[in-house]
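Comments concern the structure below.
Proteins come first, then strands; the chains are lettered A, B, ... in the order of their sequence lines, and each starts at number 1.
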Amino acid sequence: MNNKQLAELFKAVSAALEVKGEDKFKIKAYDEVASAIEHSSSEVKDLWDDGQLQEIPGVGASIAGHLDELFRKGKVAHFESIFRGLPPAMFELLNVPGIGPKTAFKLCQELRIKDPKTALLKLEKAAKQGKIRLEDRMLLPFAWELAEKIITYLQKKHPKDRIDPLGSLRRKTATVGDIDLAVATKNAKEVIEDFLHCPGIKEVVVSGKNTARVIHQNGRQIDLKTMEPGAYGALLQHFTGSKQHNIHLREIAQKKGLSLSEYGIKKGKKISKYATEEAFYRALGMEWIPPELREDSGEIEAAQNTKLPQLVELGAIKGDLHLHSNFPIETSHDEGSSSIETLMEKGKKLGYEYLGFSEHNPSFSKHSQKQIIDILKRKKETIDKINYSRGKKLLIHAFNGLEIDIKPDGRLAIPEEGFKFLDFAIASVHSSFKMNRQAMTKRVLKALQHPKIKIFGHPTGRKLGEREGYELDWEQVFSFCQKRNIWLEINAWPNRLDLTDVLVHEAVKNGVKMIICTDSHQVDHMDLMEYGVAVARRGWATKNDIMNTMSYNQFIKALKGGE
DNA sequence: GCCGTTTTCGGCCCGACTGTTTTCAGTCG
C-alpha cells in the first residue's frame, strides 16, 4: 500500500467516524494523519520497516499499532468495525465539492447507491442536469496564465494597488482548483467594478462591497477579495494556506494567547493589523515563509529557527537539457517542430549558456542498427557544425544528447556503438508501465548504469489527469543516483511536473542532484521552465541541488566527471 | 486519538457561506 492509498484509507476512516457521530477530535486526529501521509516525503511502508512510524506527525501509539497491523495482515480489524454498516460507495462521493461525510452517507441511502464504481454516475443522473460539478482541477501553467491575464488587466487600471494570486495557485501546486485573487486597495468599489468587466468574464455570480465572484468563459470560477492596504498581510496569508499550514500557525498563536484570522491577530478583544505577510509572520516569531513551502512539512519549525532554505530561482537557470528539435531523427515518438537554430536563439534570449538537444532515439524496430548509427552520426555532425560556426566567442553551447527509451528488460534502445556520438543521454520509461515495484526498479537501475546516461527523465512517469506513475523503490533509486551521480529530471511539462514536489524534497534530503528541463517540442515550450522551478522550490531545493544552475564551465566538468 | 518548558489531563483553528431543520449543522478554504 503506497502513501496515496494510505491517505485515502485514513480519510475514509475519518469520514466514517464522522457519520457515526464519534468524538470530533478523534475525527480530526485521523484527518490530520491522512494529510501528513499525503505530504510525507518518505513512504510510510519504509518507515514501518525501520520502526519509525511515530516520526509521522500525528501518529501516536494507537495509530502506529493500526498501521503495523495493516502492513502485517493487509487489513485492520478496528477499521473494519468502523466501516461496518456504511456503504462503500459513500467514500467515492467525498470528492464532490459540497459533499462531506454526512451528506455522502445520506445520499447513498436515499438514492440507493451501492456500487462504488458507478456511484458518481448515479449521483450525476440523480442530480438532474449538471448541478453537481465533479472536481476537475486545472494544470498549474494554464491556471497561472489565466490569472496573469486578469492581474495584468487590473494592474494597468490600478497601478498603485498590489495584486496577488491566492491559494494553491500562489503555492504553485501542480493542479489548481478555482482561481482566487487578492487586491490591496483603498478603492475596493472601483477595483471590483473593473474586475467584473475584465475581458473573458462570462457571468457575475456575486458582487459585494469587498469581494466578487465571476465565471470565466472557459467555465472557471474566479474570486476576488479586496482589503485595505494596512491589513493586507493577514488576508494574503490566510487565503494562501495551505489549510494544514494555517492550522499549525493558529495552534502556535493560541499558545501565545493570540488568535489568527484573515483580519489580523487578536489578543483579547484588541486586533492588530499587518500590511505585509513579513510583519504578520514576524509577529508570530518567525521568518516570512515562501508560499511554495506552506504545506506544514517542517517549514514552520525552520522559520522559527531561521533555517529556511534559500530556494532556487528561475533566474539561476543556465541551460535546458531536454529539447526536441525537428532534426529528422526518425523516432517512433513525437518529434519536435522547431529547428535547432531557432531553439538556440531562444536559449540566448533566456540568458542560458548551454542547451542540450535530446530528441527521442530513432525507432528501434523500423531501422537496422547501421541506420540508427548513421542517424546519430549525422546529428552529431549537425551539432558540431553549429558549435563550430559560432566561432570561439561562443555565446551559447549546444550539447548533443538523446532521450533513450528504457526497454522492459532494462536495456537501452540504441546500439552500444551509437553512444560514442553523444555528449550525454537521458533515460526514460515510455512503455510497459504496469510492472511491479521490484521489477521496475531493477529495470530502471540497469539502464542508469550506462556511463553516458546522466539523467533519469520524468522519473515517476505520471501524467496528471491521465495516469498514475509506475512504482519504484525510491530508497534504492535515491541511493543509486547519489552514489553514481545520476541526476533526476524535474520535467516542467504541464501534465508531468515530474519528479513530484514531495519526491524532490526526499531527493534533497538524500543528497541527490536534480536538473530542471522543459521537454520542449516547440520553441515556445522553453518558457515552461518556471513551472519546473516551482516544483523544485516546493521540494525545498536550493541552487546547489539543481545541476543546470551551473555555469557552462562547471557544467561541462560535471558531465564528464561521471564517466 | 494526539500531545506537552504553563498541562500525562484537558485541551484540540477560524470565520464565512449555504440552505432551509429560523438558530444551526455541514462544508469549505
Side-chain angles (χ1 to χ4, degrees), chain A residues 10-11 13-37 53-67 76 78-79 82 90 93-107 131-133 135 137 165-171 173 176-182 205-206 208-213 221-223 225 227 231 234-267 271 280 284-285 291 294-296 300 304:
Chain A
F10 276 83
K11 269 184 213 161
V13 171
S14 167
L17 290 172
E18 187 149 0
V19 174
K20 296 199 161 174
E22 270 281 356
D23 173 55
K24 66 175 175 167
F25 297 108
K26 195 189 276 189
I27 296 165
K28 176 174 169 264
Y30 276 99
D31 210 37
E32 280 174 349
V33 170
S35 173
I37 290 177
L53 280 179
Q54 304 208 14
E55 301 278 300
I56 305 165
V59 172
S62 167
I63 291 184
H66 295 325
L67 280 168
V76 183
H78 181 57
F79 291 174
I82 290 173
M90 67 168 272
L93 305 185
L94 295 176
N95 293 323
V96 182
I99 298 186
K102 302 228 165 138
T103 313
F105 178 68
K106 219 158 67 181
L107 281 171
K131 261 215 159 183
I132 289 169
R133 186 169 60 96
E135 184 179 47
R137 294 173 67 88
L166 296 169
S168 52
L169 184 59
R170 183 160 181 248
R171 300 199 312 280
T173 57
V176 173
D178 293 325
I179 291 178
D180 296 314
L181 304 174
V205 182
V206 281
K209 223 168 63 184
N210 297 309
T211 64
R213 166 171 294 172
Q221 181 174 297
I222 306 173
D223 283 6
K225 301 173 201 300
M227 182 63 93
L235 178 89
L236 189 54
Q237 196 289 320
H238 177 87
F239 287 107
T240 296
S242 67
K243 183 180 167 190
Q244 292 304 324
H245 176 87
N246 283 358
I247 288 175
H248 192 164
L249 277 188
R250 287 180 201 133
E251 281 167 358
I252 288 173
Q254 203 176 42
K255 281 174 194 149
K256 300 183 181 192
L258 307 172
S259 167
L260 309 183
S261 78
E262 63 203 87
Y263 305 107
I265 303 182
K266 249 192 303 196
K267 183 161 195 171
I271 184 159
F280 185 91
L284 294 172
R294 299 183 196 172
E295 300 292 346
D296 193 23
I300 291 175
Q304 287 174 318

Notebook entry, point to check: Residues in side-chain hydrogen bond (donor to acceptor under 3.5 Å, both in side chains) with A/Asp31, at least two apart?
Noted result: none
Check: B/dC12 and B/dT21: how far apart are their C1' atoms, nearest whole angstrom?
Finding: 29 Å
Item checked: Inter-nucleotide P distance (B/dC14, B/dC9), Å rounded -> 25 Å
Notebook entry, point to check: Using the P atom in both, what is the distance from B/dT6 to B/dG19, to the nearest Å?
Noted result: 45 Å
Notebook entry, point to check: What is the nucleic acid contact for A/Lys24, judged by heavy atoms within less than 4.0 Å: base, sugar-phosphate only, or nothing?
Noted result: nothing
Margin query: Does A/Val33 reach a base, just sugar-phosphate, or nothing at all? Heavy atoms under 4.0 Å.
Written below: nothing
Notebook entry, point to check: With both distances under 3.5 angstrom, what nucleotide forms a Watson-Crick or G-U wobble pair with B/dT8?
Noted result: none
Next item on the list: Determine yes or no for a side-chain-to-main-chain donor-acceptor pair under 3.5 angstrom, with A/Thr211 supplying the side chain and A/Lys225 the backbone.
Entry: no
Item checked: Qualifying residues under salt bridge (Lys or Arg N to Asp or Glu O under 4.0 Å), relative to A/Lys26, sequence neighbours excluded -> A/Glu22
Next item on the list: With heavy atoms under 4.0 Å as the rule, sort A/Ile63 into base, sugar-phosphate or nothing.
Entry: sugar-phosphate
Item checked: chain A contact limits on DNA chain B, taken 5' to 3' with a cut-off of 4.0 angstrom to heavy atoms -> B/dG1 to B/dG29
Check: Just checking A/Gly241: base, sugar-phosphate only, or nothing, at a heavy-atom cut-off of under 4.0 Å?
Finding: nothing
Kindly list each side-chain donor-acceptor pair under 3.5 angstrom involving residues 246-260 of chain A, sequence neighbours excluded, with atom names and distances?
from     : atom 1 : to       : atom 2 : distance (Å)
A/Asn246 : OD1    : A/Gln237 : NE2    : 3.1
A/Asn246 : ND2    : A/His238 : O      : 2.9
A/His248 : ND1    : A/Asp296 : OD1    : 2.6
A/Arg250 : NH2    : A/His238 : ND1    : 3.1
A/Lys256 : NZ     : A/Leu284 : O      : 3.0

Next item on the list: Would you classify A/Ser242 as touching base, sugar-phosphate or nothing, given that sugar-phosphate means primed atoms plus P, OP1 and OP2, and contacts are heavy atoms under 4.0 Å?
Entry: nothing
Item checked: Side-chain donor or acceptor of A/Arg213 paired with backbone N/O of A/Gln221 under 3.5 Å -> no
Check: Base of B/dT22 relative to its sugar, syn (within 90° of 0) or anti?
Finding: anti
Item checked: Touch class at under 4.0 angstrom, heavy-atom based, for A/Gln254 against every strand present -> sugar-phosphate
Item checked: Residue closer to the 5' end of DNA chain B, A/His78 versus A/Asp180 (nearest nucleotide) -> A/His78
Next item on the list: Sequence neighbours left out, what passes ring-ring contact (aromatic ring centres under 6.0 Å, His included) with A/His66? Give chain and number order.
Entry: A/His78, A/Phe79
Notebook entry, point to check: If you look at every strand shown and take non-hydrogen atoms under 4.0 Å, does A/Leu166 touch a base, only sugar-phosphate, or nothing?
Noted result: nothing
Checklist line | Earlier contact from the 5' end, DNA chain B, for A/Ala29 and A/Lys266 | finding: A/Ala29
Note to self: Between B/dC17 and B/dT23, how many Å separate the two C1' atoms, rounded to a whole number?
What the structure shows: 15 Å
Next item on the list: Please identify each residue that fulfils side-chain hydrogen bond (donor to acceptor under 3.5 Å, both in side chains) with A/Lys11, with sequence neighbours left out.
Entry: none
Note to self: Any base atoms under 4.0 Å from A/Phe239, or only sugar-phosphate, or nothing? Heavy atoms, all strands.
What the structure shows: nothing
Item checked: Distance between C1' atoms of B/dT20 and B/dT27 (Å, rounded) -> 15 Å
